[in-house]
Chemist: 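I'd like to ask you about the structure that follows.
Keep in mind that this is a model prediction, so the values were computed, not measured.
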Amino acid sequence: MSKSLLEVRDLDVVFGAGRHRQHAVEGLSYTLGKGETLAIVGESGSGKSVSSLALLGLLPRAARIERGTAHFDGEDLLALPEEPLRRLRGDRLTMIFQEPMTSLNPVLTIGRQLTEGLVEHRGMSEAAAEARAGEMIELVGLGDPARRLAQYPHELSGGMRQRVMIAMAMASEPDILIADEPTTALDVTVQAQILDLMRDLKARFKTSIILITHDMGVVAEMADRVVVMHRGRKVEEGSVGEIFARPRQAYTRDLLAAVPRLGAYAGTAAPRTVVDSPAEVDRRAPVLRARGLRKRFGGRSWFGRGDAGVLALDDVALELHPGETLALVGESGSGKSTAGRAVLRLLDVDAGEIEVDGIAIRELGRAGLRRARRQMQMIFQDPFASLNPRLTVGALVAEPMLIHGIARGRELADRIEGLFHRVGLESDHIRRYPHEFSGGQRQRVAIARALGVGPKVIVADEPTSALDVSVQAQVLELLLELQQSLGLAYLFISHDMAVVEEMSHRVAVMQQGRIVETGPRPVVLNDPRHVYTRALLAAVPIADPTRRRGVLPRLDTAAMPRGPLTEIAPGHLVAAGAEAA
Amino acid sequence: MLRYIAQRLAAAAVTIWVATVAVTLLIHAVPGDPVRIMYAKFQSTPEQLEAVRTSLGLDQPIHVQYAMYLGRLVEGDLGRTIVGDQPVLDVLLARFPATLTLAVASLAIAILVGMPLGFLAAYKRGTWVDIGAMLVAIVGVSMPHFWLGLLLLFFFALQLGWLPVAGSGIANLVLPALTLGLANAAVLARLTRSAMIDIFDQDFVRTAQAKGLPKTVVLYRHALRAGLVPIVSMLGLQFAYLMGGAIVVENVFAWNGVGRLAIEAVFARDYPLIQGFILFFASIVVIVSVIIDVLYAFLDPRIRYG
Amino acid sequence: MASAAEPVHAAAGTPASRSFLGALLRTPSGAVGLVVVAVLVLAAVLAGVIAPYDPLRMAAGPRLAPPSWAHWFGTDDFGRDVFSRIVYGARLTLQIGVIAVGISLTSGLLLGLVAGYASGWTERVLMRLVDVLFSFTEIVIALACLAILGIGLTNAMIAIGIASIPFYARITHSVVLVERNKPYFEAAVAGGAGHLRLIFRHLLPNVVPTLIVVGTLGVSTAVLAAAGLSFLGLGAQPPQPEWGFMLSSSRDLISRAPWMMIFPGVAIAITVLGFNLLGDGVREVLDPRQRQR
């Protein structure tokens with residue numbers, strides 16, 4: 001690399017004071033070369049975001065810089081008074097953030113938000129700035145600049161808003177772009193497009209990028225060099241090749257080992273085996289069967305002429321056998337969570353049949369439904385919100401067993417203790433409240449709660465997507481172990497193809513309320529037939545810097561074949577017309 | 001946008017309709033004989049009371065009474081007052097300009113004092129400016145309107161002799177408007193502060209800072225523009241609160257508005273006038289809140305183009 | 001007040017305990033508020049001991065005597081001791097707070113809980129009605145109630161209680177909506193929980209913290225409203241030592257006996273301030289998110 005553009009030395013950032021004083025960043029040093037992409041990776045609380053916000057003087061109120069220098073173009077950014085720093089900020093040093101939905105001002109037009117920086121820093125006239133903004137709109141692939149500039153943020157999707165953010169950050173052809181988890185809030189196919197765009201613009205404008213991320217796949221796709229952070233300190237630094245091929249520190253090695261990699265289990269038909277003699281899938285009779293599910297949200301207005309609403313489920317059929325995991329994959333809004341809730345009758349569908357263990361769930365009355373709930377339990381995505389904060393975790397685990405009259409008194413207490421041990425928690429955890437636990441521990445509590453009634457089916461809705469990768473790996477391991485020793489059936493809802501590969505026997509791909517492809521996991525993942533499945537798989541960032549994928553074509557979701565499903569091989573169903581595509 | 005306005009208008013119509021029902025039922029909720037209570041002060045024979053009962057339609061079944069009431073309402077007839085035997089609507093309309101003047105003047109004071117104070121406190125969050133401003137505001141919120149009125153009266157009218165004690169001229173407006181305005185300014189300052197703090201914590205304000213915009217641009221173009229949306233949405237409620245306060249303040253300063261009329265009516269148990277007042281007052285509050293909702297829609301592009 | 005309408009997202013699982021009082025005393029507003037409220041309660045309970053004179057006794061001293069050692073806050077136009085009247089007035093004020101808030105809190109809680117839990121048509125009709133009543137404004141509802149019930153302090157308390165029901169119902173409803181859309185509620189449903197368990201074990205404990213805050217702040221509103229009605233002559237009647245009523249009888253004597261106007265007003269303002277501060281303090285303790293502000 002050429003000579004360094006930015007040199008950070010001994011940066012300390014501290015939150016709070018006195019007794020509450022806490023280092024967010026401690027002794028961080030790194031350099032950024034011209035035209036280089038430096039990835040700063042770490043799990044939550046590693047100080048990766050804070051260290052970059054410090055450079056631009058954007059730290060939250062409670063935080064302050066205690067020590068350190070950051071030399072950029074002969075000046076120390078950290079020592080610079082507010083006014084000169086402001087002139088650099090947004091002009092030569094720019095930033096994009098994680099949440100595209102909230103990062104744009106809702107009451108100002110896109111045009112205004114794009115031009116104001118140019119007018120401010122470059123002294124452009126409104127007309128010149130508008131022309132430049134139009135160019136940038138084209139450049140980030142939004143098209144139709146005149147219309148876009150007059151629009152308000154709420155008229156654009158998340159991916160489009162992130163393109164606007166990028167246009168804004170790149171319009172001044174900055175020296176350094178700081179991208180703080182720029183694709184974390186986006187779907188995987190949109191993420192791929194945004195990463196492509198960033199690479200493209202970087203090459204065009206010769207911008208250096210500081211990429212802050214927790215995702216090793218994104219690192220491998222984008223970075224030249226990597227800084228690994230853990231608890232505010234730099235653990236390791238090196239070229240992307242070195243870090244992935246020969247990590248020197250144990251922390252880095254663990255981090256990399258915990259990352260699920262798509263293709264790791266391509267050769268096997270079953271999920272990763274974690275017990276000696278795993279329970280086999282029992283193919284005789286399905287434990288869960290759903291047919292023709294249909295659900296429409298909204299669409300009925302008081303004035304009668306409302307929109308048609310959203311068809312969240314459209315002729316969805318599922319089948320799950322004892323001991324089997326069916327993964328329901330798709331992007332946000334695909335209807336996968338709706339499907340999971342529908343089969344448990346946590347929401348009522350408009351049409352369709354659902355059978356759990358041979359009982360038609362939709363025909364049950366209230367009492368019957370409550371009895372049937374013993375057979376089917378659910379694990380939710382957000383472990384922070386899915387446990388009632390007012391009850392002890394012991395009471396929470398006891399609740400379903402009490403409701404279903406499974407045990408009481410001494411026996412109940414024994415069972416609770418047994419369940420806690422089963423999921424890797426301790427006896428003295430029982431009397432504590434949810435907020436005293438970490439995310440991973442809470443998810444274990446949720447699993448214990450679900451297990452207590454001895455269910456046959458568990459619907460797991462993105463059970464690990466709120467967790468750090470190292471914790472995710474442990475929770476997935478627990479789920480696999482429970483299935484293989486107890487013969488549980490999982491409906492596993494996920495957007496992460498690598499996790500799906502590790503966990504499932506069969507896969508159903510959902511898109512806009514319909515299943516567009518389903519079949520045995522190795523077949524669907526290794527030999528996808530539907531355009532959408534292919535796009536989904538191709539978009540997954542690969543945590544291997546030696547295997548960077550090329551630029552992906554943009555998807556035209558409107559033109560995709562949507563069914564009905566036809567069987568092209570035993571158990572492999574694809575939306576009709578997909579073969580031709 | 002049109003649909004939004006139509007929805008607001010429909011909701012307002014429902015509210016006013018419920019008000020007509022409530023007002024009809026009101027007189028039946030009175031324990032005992034309302035006519036006897038109303039005319040307790042007058043020496044009336046049973047025959048006279050019976051005649052009143054017939055003229056008010058109280059001898060009819062309740063749905064007939066309601067139909068009669070609605071029928072007269074569309075003709076603008078709210079009945080006649082017991083005291084003075086005048087058309088209720090005329091009495092209300094004669095007093096309304098005074099109340100409107102007071103309300104508008106107070107709202108102006110509340111907005112001009114309360115919003116900047118709240119904005120400043122939010123901007124200087126955690127500093128002595130913030131703590132001082134919020135101390136003043138919470139004391140202001142805790143002071144009864146009428147006491148603040150009496151204090152102002154004591155100092156400005158009696159001690160200093162600057163302003164008249166009571167009456168209905170422009171100089172007389174100053175004290176009641178100041179009383180009601182300052183009391184509401186305190187409430188508005190607290191609301192503005194908390195709304196602006198929410199805005200300052202938003203990601204888009206950080207984006208504006210990251211763009212290197214001058215502080216004033218971040219503050220006024222980004223934060224304040226966005227902050228106006230929730231603040232304006234609270235003004236409808238604020239206006240209703242202010243109108244409630246006006247009823248009390250009018251009585252402190254002998255300001256001849258609708259509020260004073262209402263209290264007299266409750267004392268006199270003048271039910272037709274009370275009914276008229278409730279319907280009138282509720283309609284004013286509802287109409288103002290529709291206007292504010294529309295204003296709000298103009299400020300928020302998510303509704304304007306929704 | 002609308003600022004109370006933000007739901008309090010309870011500090012994750014703070015079980016009611018001794019530490020609550022400790023935490024409350026550590027917040028400046030909570031500490032001051034608690035002291036003020038404690039003084040008020042003491043004055044109410046020990047009124048007979050504290051007050052030097054019978055509050056109703058005429059000619060306890062000369063008429064309209066300014067504050068002195070014999071009469072700390074002076075005397076009124078009947079020669080009654082203003083200080084003693086204010087001390088006894090604390091009893092009425094506390095009664096007002098408890099009765100009015102009791103009525104509105106329990107009815108509002110019930111309405112909001114039922115509407116929020118039932119959803120569908122029940123919810124729409126109930127909340128539409130509540131919204132309508134809400135836009136009538138509290139003072140008009142109170143006046144309507146007084147027109148029905150007749151004037152007097154007890155009726156005023158009831159009227160104020162009824163008038164604020166829509167406010168409490170709206171807040172409860174909005175908190176219930178937030179809570180029932182949280183995954184833990186769905187998790188309880190999935191666990192097979194029935195109506196009673198869902199309402200009383202899951203929803204209610206998560207709604208109560210917000211209502212404690214709102215109820216505390218609500219005492220201020222009720223005290224203010226009752227004082228206002230008494231000032232207008234619709235509430236307390238002579239010779240009750242009610243603060244608002246005392247103010248109204250001071251009106252014509254402001255220039256001759258300003259103490260008759262100053263002290264009852266100070267008493268109301270401090271009481272209201274005390275409950276406002278206590279409410280803010282309780283909110284801070286129950287909702288750590290607010291503390292960072």
Chemist: Could you have a look at B:Phe146, B:Phe281, B:Tyr271 and say which one has the most heavy-atom pairs with chain C under 4.5 angstrom?
Modeler: B:Phe146
Chemist: By a 4.5 Å heavy-atom criterion (distance strictly below it), what part of C:Asp280 contacts chain B: side chain, backbone, both, or neither?
Modeler: side chain
Chemist: Which bit of B:Phe154 comes within less than 4.5 Å of chain C, counting heavy atoms only: side chain, backbone, both or neither?
Modeler: both
Chemist: So which part of B:Ile278 gets closer than 4.5 Å to some heavy atom of chain C, the side chain, the backbone, both or neither?
Modeler: both
Chemist: Specify the closest pair of heavy atoms between C:Ile148 and B:Arg269, including all atoms of both residues, with the distance to one decimal.
Modeler: O-NH1, 4.2 Å
Chemist: If I take atom CG from residue C:Leu234 and atom CZ from residue B:Phe267, how far apart are they, to the nearest 0.5 angstrom?
Modeler: 4.5 Å
Chemist: Check each atom of B:Ala11 against the heavy atoms of chain C and say whether the ones under 4.5 Å are side chain, backbone, both or neither.
Modeler: both
Chemist: Drop me the distance from C:Ile254's CD1 to B:Leu153's CG, to the nearest 0.5 angstrom.
Modeler: 5.0 Å
Chemist: Give a yes or no on whether B:Phe156 atom CZ has more than 12 heavy-atom contacts from other residues, nucleotides or ligands under 6.0 Å away.
Modeler: no
Chemist: Check whether B:Leu151 gets within reach of chain C through its side chain, its backbone, both or neither, counting any heavy atom under 4.5 Å.
Modeler: both
Chemist: Go through the steps to decide whether C:Phe136 and B:Val285 satisfy the test side chain to side chain contact (heavy atoms under 4.5 Å, CB included), and finish with yes or no.
Modeler: CA-CA 7 Å; C:Phe136 282 7; B:Val285 170; over 6 Å; no
Chemist: Any side-chain heavy atom of C:Ile262 sitting closer than 4.5 Å to one from B:Leu150?
Modeler: no
Chemist: With rounding to the nearest 0.5 Å, note down the distance linking CD1 in B:Ile138 to CG in C:Leu273.
Modeler: 5.5 Å
Chemist: Less than 4.5 Å to any heavy atom of chain B: does that hold for the side chain of C:Phe134, its backbone, both, or neither?
Modeler: side chain
Chemist: Relative to chain B, which of C:Ser29, C:Ala142, C:Cys145, C:Gly150 shows the most heavy atom pairs under 4.5 Å?
Modeler: C:Gly150
Chemist: Who among C:Val266, C:Leu146, C:Ile141 has the most heavy-atom pairs with chain B under 4.5 Å?
Modeler: C:Val266
Chemist: Please classify the contact of C:Leu149 with chain B as side chain, backbone, both or neither, using a heavy-atom distance under 4.5 Å.
Modeler: backbone
Chemist: Are C:Val140 and B:Phe277 close enough that some pair of their side-chain heavy atoms sits under 4.5 Å apart?
Modeler: yes
Chemist: If I measure from the heavy atoms of chain B, does C:Ile139 come under 4.5 Å with its side chain, its backbone, both, or neither?
Modeler: side chain
Chemist: Measure the CG-OG distance between C:Leu224 and B:Ser142 for me, rounded to the nearest 0.5 Å.
Modeler: 7.0 Å
Chemist: So, taking the atom named CD in B:Glu264 and the one named CG in C:Leu232, what distance separates them when rounded to the nearest 0.5 Å?
Modeler: 11.0 Å
Chemist: Quick one: does C:Leu143's side chain get under 4.5 Å of B:Ile263's, heavy atoms only?
Modeler: yes
Chemist: Side chain, backbone, both or neither: which part of B:Val248 has a heavy atom under 4.5 Å from chain C?
Modeler: both
Chemist: Could you look at C:Val223 and say if it's the side chain, the backbone, both or neither that has a heavy atom under 4.5 Å from chain B?
Modeler: neither
Chemist: For chain B, find which of C:Ala227, C:Ser255, C:Ala225, C:Pro264 contributes the most heavy-atom pairs closer than 4.5 angstrom.
Modeler: C:Ala227
Chemist: Quick one: what part of C:Ser250 sits under 4.5 Å from any heavy atom of chain B, side chain, backbone, both or neither?
Modeler: side chain
Chemist: Where is the tightest heavy-atom contact between B:Ile274 and C:Ala147, given as atom of each residue plus distance?
Modeler: CD1-CB, 3.6 Å
Chemist: Say whether, by atom type as modelled, one donor and one acceptor occur between the side chain of B:Trp147 and the main chain of C:Met261 under 3.5 angstrom.
Modeler: yes
Chemist: Would you name the heavy atoms of B:Asn251 and C:Arg251 that are closest together and state the gap between them?
Modeler: O-NH1, 2.6 Å
Chemist: I need the C:Thr137 OG1 to B:Tyr241 OH distance, nearest 0.5 Å.
Modeler: 11.5 Å
